[in-house]
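Every number for a ligand or one of its atoms is a count from 1 in the order of the listing.
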Amino acid sequence: MAFAAKILGTGSAFPQRRLTNDELAHQIAAGGVETNDRWIRERTGIRERRITDTGNSAETNSSLGTQAARNALAMAKKSAADIDQIIYATCTPDTIIPSTACWLQQKLGADRAWAMDINAACSGFVYGVVTGEQFIKSGHARTVLVVGAEVLSQFVNWTDRTSCILFGDGAGAAVLERVSDDSPGRILSSHLLSNGSLNGLFLIPAGGSKLEVTPERFHQNLHKIQMNGREIFKVAVRTLVECATRVLEQNQMTVADLDWFVPHQANIRIIEAVADRLNYPMDRVLVNVDRFGNTSAATIPTVLDGALRDGRIEPGQTVLFDAFGAGLTAGSVLLRW
Ligand SMILES: CC(C)(COP(=O)(O)OP(=O)(O)OC[C@H]1O[C@@H](n2cnc3c(N)ncnc32)[C@H](O)[C@@H]1OP(=O)(O)O)[C@@H](O)C(=O)NCCC(=O)NCCS
């Protein structure tokens, strides 16, 4: 029998601390950087974001991921012992070694699973879902936990007003389960792409094996995010439209067949521009960027989780995930709930 994968449950977790635009403006003004609530809201749609307390062990990347995973397992009516595989999408791991997937495995007690991280930046959750789906389709796994979680606040340059306003911390998770390939609820298809020649648009230059963080590089903030916002904006709109169109075409569908569009939450203006080019109504687009900012690999699973828990997404509906991120990486997943 041929297999397909279905999302059985989702979960989210966020740090307690809310950082509003006014607080952020006040905080960075102390370092001589000017911004304000109105500029941030008008240019990004963000009102506030969550920031981890680095002194609180419940707010590490893997702790937030574990909480999101527990919530997803509860919705899926599964236990940690059911998990065959853990895929942890993050570009802000607890530690470089071991993987954050292994930290989570220990916290969750998912002793039967094998665990690995993937880094596809903001596209990480979509890449994780597609990877997990392949292991399910090939018969190697029955139950896969996919987590997208980030603590970007540790990598933001708080003296760069063009980027520090955008990001927040959080975690989302999904439990994928094997179903037959004619199951009404299942992943229908996906489309992934990368373009490494755009690697300079969004980059943390130091801290990897290529460039050690020396005191001088530390003072130059080379271990923090560097971003070309205007260029990313244009590439993001183009790429999101391309990925959405491709995955719909693969299924002989159009946007008229879609019940919900779940784009990466980077900036409300990017989301609106994509919806406009696709000729898709904004009231069928799921959004949480206003409350959480850009949480990178966590945006799609957290916005999805919110819409499942408040009943907006219903069984039988058609949903499209659409992500882009540093790399450049991008991808879309079309599924029937
Ligand atoms: C970063 C971003 C919000 C900037 O918005 P924008 O409309 O492109 O703004 P611009 O860069 O054209 O800047 C306009 C002006 O506002 C200023 N400005 C930039 N950030 C500011 C801030 N936080 N507060 C006040 N003014 C700011 C700029 O210095 C510029 O001033 P100038 O006209 O005197 O030169 C937007 O480009 C963006 O979201 N890009 C995508 C980034 C992204 O998604 N990254 C993650 C990828 S997963």
Side-chain angles (χ1 to χ4, degrees), residues 19-49 89-92 119-127 148-153 155-170 172 192-196 198-204 224-243 262-274 287-290 292-303 321-332:
L19 183 64
T20 64
N21 290 344
D22 278 334
E23 286 174 282
L24 173 63
H26 188 69
Q27 197 170 295
I28 65 177
V33 184
E34 274 183 39
T35 190
N36 59 72
D37 172 56
R38 187 167 166 197
W39 193 97
I40 301 172
R41 270 192 292 108
E42 286 180 1
R43 299 288 179 127
T44 72
I46 298 167
R47 289 190 280 116
E48 60 185 38
R49 71 284 294 139
T90 188
C91 56
T92 55
N119 178 354
C122 300
S123 310
F125 179 76
V126 164
Y127 276 46
E150 305 284 6
V151 179
L152 282 158
S153 58
F155 297 90
V156 163
N157 176 356
W158 294 103
T159 64
D160 175 7
R161 69 177 182 175
T162 64
S163 61
C164 76
I165 54 165
L166 297 175
F167 300 104
D169 302 335
L192 300 182
L193 66 88
S194 303
N195 182 353
L198 295 177
N199 54 28
L201 291 184
F202 191 97
L203 175 75
I204 299 178
K224 302 286 184 179
I225 289 170
Q226 293 183 354
M227 184 186 90
N228 179 342
R230 278 186 208 179
E231 201 48 39
I232 291 175
F233 197 111
K234 285 187 262 173
V235 174
V237 173
R238 201 168 59 229
T239 311
L240 287 168
V241 170
E242 180 190 336
C243 287
V262 191
H264 172 49
Q265 309 283 306
N267 181 325
I268 194 68
R269 286 165 52 224
I270 293 177
I271 295 172
E272 286 168 351
V274 172
V287 171
N288 70 6
V289 70
D290 52 329
F292 301 111
N294 179 349
T295 55
S296 185
T299 68
I300 289 181
T302 56
V303 78
F321 303 163
D322 202 7
F324 76 94
L328 169 115
T329 58
S332 51

Indicate whether atom 30 (C) of ligand 1 is within a distance of less than 4.0 angstrom of some protein heavy atom.
no
Going by the atom numbers of ligand 1, which of them fall below 4.0 Å from some non-hydrogen atom of His264?
48 (S)
Can you tell which part of Thr162 has a heavy atom less than 4.0 Å from ligand 1: side chain, backbone, both or neither?
both
Quick one: does atom 26 (N) of ligand 1 have a protein heavy atom under 4.0 Å from it?
yes
Atom 21 (C) of ligand 1: protein heavy atom closer than 4.0 Å?
yes
Can you check whether Thr299's main-chain N or O pairs, donor with acceptor, with Gln265's side chain at less than 3.5 Å?
no
Matching residue for Arg49 among Thr20, Thr295, Asn21 - test: side-chain hydrogen bond (donor to acceptor under 3.5 Å, both in side chains)
Asn21
Interfacing atoms of ligand 1 (cut-off 4.0 Å, heavy-atom, Met227)
1 (C), 42 (C), 45 (N)
Considering all heavy atoms of both residues, which atom of Asn157 and which atom of Lys224 are nearest to each other, and what is their separation?
CB-CB, 3.8 Å
Atom indices of ligand 1 within 4.0 angstrom of Ala266 heavy atoms, with elements:
44 (O)
Take atom 18 (N) of ligand 1 and look for protein heavy atoms under 4.0 Å from it; say yes if you find one, no if not.
yes
Report the part of Asn294 (side chain from C-beta onward, or backbone N, CA, C, O) that has a heavy atom under 4.0 Å from ligand 1; answer both or neither where that applies.
side chain
Tell me every residue that passes side-chain hydrogen bond (donor to acceptor under 3.5 Å, both in side chains) with Arg230, counting only those two or more places apart in sequence or in another chain.
none
Set of side-chain hydrogen bond (donor to acceptor under 3.5 Å, both in side chains) partners for Arg269, sequence neighbours left out
none
Please identify which atoms of ligand 1 are closer than 4.0 Å to at least one heavy atom of Arg269.
5 (O), 7 (O)
For atom 38 (C) of ligand 1, what's the nearest protein heavy atom and its distance?
Asn267 ND2, 3.6 Å
Classify the ring geometry between Phe321 and Phe125 as parallel (under 30°), tilted (30 to 60°) or perpendicular (over 60°).
tilted
Thr329 (side chain) donor-acceptor with Ala120 (main chain) under 3.5 angstrom
yes
Arg238 and Glu242: salt bridge (charged side-chain N to carboxylate O under 4.0 Å, His left out), yes or no, with the steps?
CA-CA 6 Å; Arg238 201 168 59 229; Glu242 180 190 336; over 6 Å; no
Heteroatom proximity flag, Gly229 to ligand 1, N/O under 3.5 Å
yes
Quick check: Arg43 and ligand 1, any N/O pair under 3.5 Å apart?
yes
Is any side-chain heavy atom of Ile232 less than 4.5 Å from a side-chain heavy atom of Val235?
no
If I apply the N/O under 3.5 Å rule, does Asn36 come out as touching ligand 1?
no
Region of Thr35 that comes within reach of ligand 1 [heavy atoms, distance under 4.0 Å]
both
Looking just at side-chain N and O atoms, do Thr44 and Asn267 make a donor-acceptor pair shorter than 3.5 Å?
no
I'd like to know if atom 11 (O) of ligand 1 has any protein heavy atom within a distance of less than 4.0 Å.
yes
Are any of the N or O atoms of Thr44 closer than 3.5 Å to those of ligand 1?
no
Which of the atoms of ligand 1 are close to Ile165, meaning less than 4.0 Å from one of its heavy atoms?
23 (N)
Do Glu150 and Ser296 have side-chain atoms, one donor and one acceptor, less than 3.5 Å apart?
yes
In the complex you have, is atom 8 (O) of ligand 1 within reach of the protein, judged by whether a heavy-atom distance drops under 4.0 Å?
yes
